[in-house]
Trainee: 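One structure follows; several queries about it will come next.
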Amino acid sequence: MKFMKFAAAAATSLVLLANAAQAAEEKPVVGLIMKSLANEFFQNMLEGAKAHEAMRGDYELRAVGMQNETDFESQINAVENFITQGVDAIVVAPADSRAMVRPLKKAMQAGIVVVNFDVALDEEVKQQQGVELAFVGPDNRGGAKMAGDVLGEKLGKDGKVVIIEGNPGADNGIQRALGFEDSVKQYELNLIESRTAHWETEEANTVFSNMLTAHPDIQGVMAANDSMAIGVVKALESAGRDDILVVGFDNIDAVGPMIEDGRMLATVDQFGQDMAANAIDMALEVVRGGPELEGWVKTPIKLVVAE
Amino acid sequence: MTTQTSGDVAQEPRRVTLRSVLNNAGIGLALLALILFFAVFTEHFLTPNNITNILTQITINLILAVGMTFVILIGGIDLSVGSVMAFAAVVAGKAITLPGFGPVEAIALAIVAATLIGVLCGMFNGVISAYWSLPSFIITLGMLNIARGAALHVSDAQTIYSFPLAFEDFGSAMIYGVPVVFMVAVVLVLIAWFILNFTVFGRLLYGIGNNEEAVRLAGHSVYWYKVAAFTICGLTAGIAAVVYMARLNISSPIAGIGFELNAIAAVIIGGTSLSGGRGSVIGTLLGAFIIGVLANGLILIGLSDFMRQMITGVVIIIAVVLDYYRAKYTAS
């Protein structure tokens, strides 16, 4: 009992202290909503945002992630909590491009600056709800096409390729698969099969081994992320095939050596670490009275191949 | 009186073993039918390379399912094995990439780390659920989250890579086309089979699943047997982690999501009863084969991902319904 009282008192004084500090400095508060922090990509993004907060020092960052990629209810809750807390800006990577439109509209009506990054909200739903909101982010489709084009260039017309997709329904996964298909069309490749491996190495290893058995004449593989590309590379090694080209996406550390020694042909870096930080910069501009963002503010992507 | 009860308990498994031979014949026939189907309808199914592939692909599930069999036999369940595998793999991944060790020391360190993590997590599940007689379903659901969180925390959500070459060689080694990692799994099956059929400990596990009170009245400490069953399950998760690392040459903190369900499916398809006391690890071996053959064959046939998922679900339900009739038939 005594302990509880003490804890309550301590908590109250902490809150008071925090409020006092806030009032004294009047730093704008930015709420950052990301997807699964179990994903390397968002973990790096969070690190980047924290470093950015420390470097700029003129705003306060409150970051929220989710348990897994499909748990978008917790994102909606996070938006509502930020509205209650009265943050100045919300910077959000939506887990679902449709479900997030309505809660974000509420935030905008509450006078909060909202910046949508990483995955674009659905245009149709935005129109339906009468929401005008710019998108700051990379062109997943264009990026995938860059990697796919490298493969197309090497294989030429009628090259036999397969696609390893991300989670069915995940927007970035869909965009990347579309980008790969763009390359297939442009280089007149022969797309044999397209299957999901849920972004995961072991599943990609299994699924691709079986695809290779069914189609031993596969010449190229386009994986929607690098974790899956690693699984494909391992499958090729155990099958003793070094004649099949692999491209990936994300440029995670683990594929660095594979690009260098040629086990992978290319991957795409969309500078995830800077992505949240850039979006926060833009949000703060608007908070300080800068012009509203419009349309699609594209963030840099880079093709990574062996040097 | 006491000795008589004890005799009954010990007697029970022997009859079950005899029945399970008949049961396994049924599962074996189902597997044979699947194999024939895919052999006829696909071009590459029965090629040596594809058989090697299937053996590699079922290894991890088989190892997890062997441990799961112990837990399900005592009427429990372990939902944490996928997460525990990831946690063990990540800690072992950290250990194996420590600077300043030769490849042999690093690999030994990794194996010790992975099995230790597995054993500790399993023991925790067992102690908590047995001491307070709590449903293992909910305790291991808790462990599922603890271990997954720990895996992400330890690794900072990053994939750990660049392991010693010798480790990779072990992961892809074959003897006459049979992957060495699969042989490891088969050895585990044989050890489990021996323990469950020919040791007092194994028979008492069946006894606990059938009638826990009888075993207690016979003067045995049910508590320690339960803890042991969960610890064995954790140990197999640790061993699966080592195989995962050797096969893919990375440790991923998001590895093994949903693996617990595949392991449970293998055990149940293999004819072990979810309510405990009945089943065999040989059935589990066949169950793992059915799942693996199905996953492989349906891709070779060219079925879409979504159809594949649906058919796998249907097969699990059919297996459980068959199990109902099998139980009814053998009981009468």
Side-chain angles (χ1 to χ4, degrees), chain A residues 36-47 65 67-69 162 164-165 167-169 192-216 225-228 230-235 237-241 250 252-258, chain B residues 42-45 47 49-54 56-58 60-61 85-86 89 145 148-149 151-153 155-162 168 171-174 179 243-244 246-259 292 295-306 308-309:
Chain A
S36 171
L37 293 180
N39 183 331
E40 221 165 318
F41 180 71
F42 288 101
Q43 190 65 37
N44 290 338
M45 190 185 277
L46 178 63
E47 298 296 322
Q67 292 253 319
N68 61 56
E69 293 282 343
V162 294
I164 309 289
E165 296 172 44
N167 276 3
I192 301 176
E193 251 185 325
S194 189
R195 284 190 184 279
T196 179
H198 300 99
W199 301 124
E200 213 275 317
T201 308
E202 199 270 344
E203 192 176 342
N205 183 269
T206 296
V207 166
F208 179 73
S209 296
N210 294 340
M211 287 163 96
L212 187 61
T213 305
H215 311 282
N225 79 353
D226 283 345
S227 297
M228 296 192 292
I230 293 173
V232 170
V233 167
K234 290 305 297 178
E237 280 173 13
S238 31
R241 297 284 296 263
D250 279 346
I252 65 174
D253 289 347
V255 301
M258 296 185 175
Chain B
T42 72
E43 204 180 324
H44 302 281
F45 184 77
T47 57
N49 277 342
N50 194 50
I51 292 168
T52 302
N53 274 349
I54 293 176
T56 311
Q57 288 166 11
I58 70 166
I60 288 177
N61 189 31
M85 186 194 92
N145 286 302
R148 180 68 61 193
L152 289 162
H153 179 75
S155 66
D156 242 337
Q158 309 288 313
T159 305
I160 304 168
Y161 63 102
S162 83
E168 198 176 347
S172 49
M174 311 239 189
V243 169
Y244 180 100
R247 186 177 145 203
L248 298 172
N249 223 26
I250 56 151
S251 288
S252 162
I254 59 164
I257 292 177
F259 279 21
N296 172 276
L298 291 178
I299 288 188
L300 294 193
I301 267 187
L303 216 61
S304 81
D305 292 330
F306 305 146
R308 217 152 47 86
Q309 199 170 2

Trainee: Tell me, side chain or backbone of A:Glu165 under 4.5 Å from chain B's heavy atoms, or both, or neither?
Mentor: neither
Trainee: Specify which of B:Ile54, B:Thr159, B:Leu152 makes the most heavy-atom pairs with chain A at under 4.5 Å.
Mentor: B:Thr159
Trainee: Are the side chains of A:Glu200 and B:Ile257 in touch, meaning some heavy atoms are under 4.5 Å apart?
Mentor: no
Trainee: Using heavy-atom distances under 4.5 Å, tell me whether B:Ile250 contacts chain A through its side chain, its backbone, both, or neither.
Mentor: side chain
Trainee: Is A:Leu212 in contact with chain B via its backbone, its side chain, both, or neither, using a 4.5 Å heavy-atom distance?
Mentor: neither
Trainee: Indicate yes or no: at least one non-hydrogen side-chain atom of A:Gln43 is less than 4.5 angstrom from one of B:Asp156.
Mentor: yes
Trainee: Counting heavy-atom pairs closer than 4.5 Å to chain B, which one of A:Thr206, A:Val233, A:Ile230 comes out on top?
Mentor: A:Thr206
Trainee: Do B:Thr42 and A:Thr213 have side chains that approach each other closer than 4.5 Å (heavy atoms only, starting at C-beta)?
Mentor: no
Trainee: Are side-chain heavy atoms of A:Phe41 and A:Asp226 found at a separation under 4.5 Å?
Mentor: no
Trainee: Find the one option among B:Arg247, B:Arg308, B:Glu43 whose heavy-atom pairs under 4.5 Å with chain A are most numerous.
Mentor: B:Arg247
Trainee: Between the side chain of A:Arg195 and the main-chain N/O of A:Val162, is any donor-acceptor distance below 3.5 Å?
Mentor: no
Trainee: Quick one: what part of B:Ile58 sits under 4.5 Å from any heavy atom of chain A, side chain, backbone, both or neither?
Mentor: neither
Trainee: Would a 4.5 Å heavy-atom cut-off, applied to side chains only, mark B:Gln158 and A:Asn44 as touching?
Mentor: yes
Trainee: Where does A:Glu202 contact chain B at under 4.5 Å (heavy atoms): side chain, backbone, both or neither?
Mentor: both
Trainee: Name the region of B:Asn53, side chain, backbone, both or neither, that has any atom closer than 4.5 Å to a heavy atom of chain A.
Mentor: side chain
Trainee: Donor-acceptor check, side chain of B:Arg148 to backbone of B:Pro253, threshold 3.5 angstrom: yes or no?
Mentor: yes
Trainee: Does some side-chain heavy atom of B:Ser172 sit less than 4.5 Å from a side-chain heavy atom of A:Glu237?
Mentor: no
Trainee: Is B:Phe45 in contact with chain A via its backbone, its side chain, both, or neither, using a 4.5 Å heavy-atom distance?
Mentor: neither
Trainee: Any side-chain to backbone donor/acceptor pair from A:Thr201 onto A:Ser227? Under 3.5 Å, distance only.
Mentor: yes
Trainee: Can you say whether B:Ala295 sits under 4.5 Å from chain A via the side chain, the backbone, both, or neither, judging by heavy atoms?
Mentor: backbone
Trainee: Counting only heavy atoms closer than 4.5 Å, note whether B:Ile299 contacts chain A via side chain, backbone, both or neither.
Mentor: both
Trainee: At a 4.5 Å cut-off on heavy atoms, which part of B:Ser155 comes close to chain A: side chain, backbone, both, or neither?
Mentor: neither
